[in-house]
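Accompanying notes for the structure given below.
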Amino acid sequence: MRPSPGRADTAERQNTFDESGYLVLPGLLPDSLLDRLLPEVDRWVDEGLRARSIACSVDPAANGLPPLLELELEAHGELLALPPLMGVLSELMGGPFAFHHLHSDRHDAQGAGKPWHHDYEPNSGADRSLLMVHALHYLGGLDETMGSLVVLPGSHREPAGKDARAHLGTAELPGEEVVGGLPPGSTVLINSALFHARRPAPGGGGRPRYFVDASYCQTGARWRPVKPYWRHMLARARELDLGRGRWPDLFDERHFTEYAETA
């Protein structure tokens with residue numbers, strides 16, 4: 001199922017996203033890309049590259065730059081500016097936007113989940129009207145055996161800290177919606193200020209959950225980076241021409257503040 005380019009569908013997607021704070025795009029990613037993304041995620045996890053990238057973020061003085069970035073993996077780099085994804089993001093943003101960060105993981109089906117949180121980063125103008133959007137890509141789909149994505153529609157309008165609901169764990173909340181039953185290659189776009197959680201599967205679950213998360217932010221202010229090596233990351237994206245010459249703002253450093261450890 002692919003998003004249609006029709007004006008009515010565009011307006012419907014915009015309204016859905018504005019009201020609820022999220023938008024489900026079943027089967028957005030083509031099989032030819034999925035076939036290359038899955039082994040890249042396995043490599044990222046099994047060869048310790050994910051752990052090394054985290055160490056470089058936690059203690060950059062001791063660890064320096066990561067030996068490899070996710071976006072340097074061919075299929076991951078292609079995913080960042082995938083035309084169908086860029087088309088929907090352009091609709092939602094209503095103008096230019098920049099890439100913020102990327103991470104990739106393979107969640108163990110027996111994992112503990114992740115408590116309620118949001119992922120919105122501040123910008124230099126403290127302007128919450130500027131969108132940050134997270135694209136949550138579920139490479140193997142999403143069902144109850146992998147644990148659930150749960151969202152709290154409308155919570156993106158609350159001026160709350162990221163961990164304001166973390167004390168609730170992954171408990172069921174009034175008004176929540178469970179996102180599931182998605183085929184392989186599905187994407188969920190969320191307003192980054194929307195509270196969401198990863199609820200563990202009943203009885204320990206089954207298949208692992210292959211997950212790639214990329215975030216994008218509307219231009220108009222300078223956004224705070226979350227990785228100390230953010231300049232290196234954007235420079236490599238430009239060198240690899242991941243924007244394919246079509247998205248001049250996507251990897252432009254001028255849309256970001258300096259990194260701060262408190263981020």
Side-chain angles (χ1 to χ4, degrees), residues 17-24 50-51 53-60 70 89 92-93 97-105 107 111-138 142 147-179 187-200 209 211-230 233-234 255-263:
F17 190 81
D18 289 345
E19 289 297 317
S20 67
Y22 77 103
L23 182 67
V24 180
R50 179 177 183 275
S53 72
I54 293 172
C56 292
S57 290
V58 172
D59 192 348
E70 285 116 321
L89 286 174
L92 300 182
M93 297 285 194
F97 55 93
F99 163 72
H100 192 271
H101 70 276
L102 169 70
H103 85 261
S104 183
D105 200 2
H107 299 144
K114 187 170 183 178
W116 287 99
H117 67 285
H118 73 70
D119 296 303
Y120 189 82
E121 295 294 334
N123 57 61
S124 58
D127 186 351
R128 285 181 60 91
S129 71
L130 291 176
L131 276 178
M132 174 178 277
V133 176
H134 273 60
L136 312 181
H137 302 291
Y138 296 96
L142 191 60
S148 301
L149 168 65
V150 286
V151 298
L152 195 60
S155 60
H156 57 297
R157 298 192 180 93
E158 300 175 13
K162 288 185 176 184
D163 298 328
R165 289 181 168 89
H167 64 286
L168 301 172
T170 63
E172 184 174 345
L173 299 183
E176 72 168 39
E177 293 182 4
V178 178
V179 181
T187 298
V188 181
L189 300 180
I190 66 169
N191 184 312
S192 302
L194 183 76
F195 277 91
H196 59 287
R198 183 173 77 243
R199 186 169 291 152
R209 180 204 264 189
F211 177 74
V212 179
D213 171 6
S215 67
Y216 305 83
C217 43
Q218 191 175 11
T219 62
R222 298 172 67 216
W223 296 82
R224 185 171 71 181
V226 294
K227 296 181 185 291
Y229 48 84
W230 67 275
M233 178 179 67
L234 294 180
H255 299 304
F256 300 93
T257 67
E258 292 302 321
Y259 174 78
E261 287 190 14
T262 53

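Please read these numbers as outputs of a predicted model, since none were measured by experiment.
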Taken to the nearest 0.5 Å, the spacing of D18 CG from L131 CG works out to 7.5 Å
Q) Looking at side-chain heavy atoms only, is the closest gap between P115 and L168 below 4.5 Å? A) no
* Asked: Is any side-chain heavy atom of M233 closer than 4.5 Å to a side-chain heavy atom of H100?
  -> no
Name each donor-acceptor pair under 3.5 Å that joins a side chain in residues 189-198 to protein atoms two or more places apart or in another chain, with its distance.
from, atom 1, to, atom 2, distance (Å)
N191, OD1, A193, N, 2.9
S192, OG, M132, O, 3.0
S192, OG, V133, N, 3.4
S192, OG, H134, N, 3.4
S192, OG, H134, ND1, 2.6
H196, ND1, H117, O, 3.4
H196, ND1, L194, O, 2.9
H196, NE2, H117, NE2, 3.2
H196, NE2, D119, OD2, 3.1

Here the pair of heavy atoms bringing E121 nearest to R224 is OE1-NH2, 3.4 Å
When every non-hydrogen atom of T257 is compared with those of S124, the smallest separation belongs to CG2-CB, 4.3 Å
Between W230 and F256, does the ring centroid distance fall short of 6.0 Å? yes
When rounded to the nearest 0.5 Å, the distance separating CD1 of I54 from CG of D105 is 7.5 Å
All heavy atoms of V150 vs all of E176, minimum pair found to be CG1-OE2, 4.1 Å
Distance col, row D213:CG vs H103:NE2, nearest 0.5 angstrom, shows 4.5 Å
In short, H156 meets E19 closest at the heavy-atom pair CE1-O, 3.5 Å
What one should report as the nearest heavy-atom pair of L142 and G147 is CD1-O, 3.8 Å
Under 3.5 Å, is there a donor-acceptor pair between the side chain of R199 and the main chain of A171? yes
- Quick one: does E70's side chain have a donor or acceptor within less than 3.5 Å of a partner on S104's backbone? yes
Value for CG (L92) from CD (Q218), rounded to nearest 0.5 Å, stands at 10.0 Å
d(F17 CZ, M93 CE) to nearest 0.5 Å is 7.5 Å
**Study point:** Main-chain N/O of E158 paired to R128 side chain as donor or acceptor, under 3.5 Å
**Key:** yes
d(S215 OG, F99 CZ) to nearest 0.5 Å is 6.5 Å
Hits for ring pair (Phe, Tyr, Trp, His ring centres under 6.0 Å) against W116, two or more places apart or cross-chain, chain-then-number order -> none
Can you check whether Y138 and F211 have ring centres sitting under 6.0 Å from each other?
-> yes
Of all heavy-atom pairs linking P200 and G113, the shortest is CD-CA, 4.1 Å
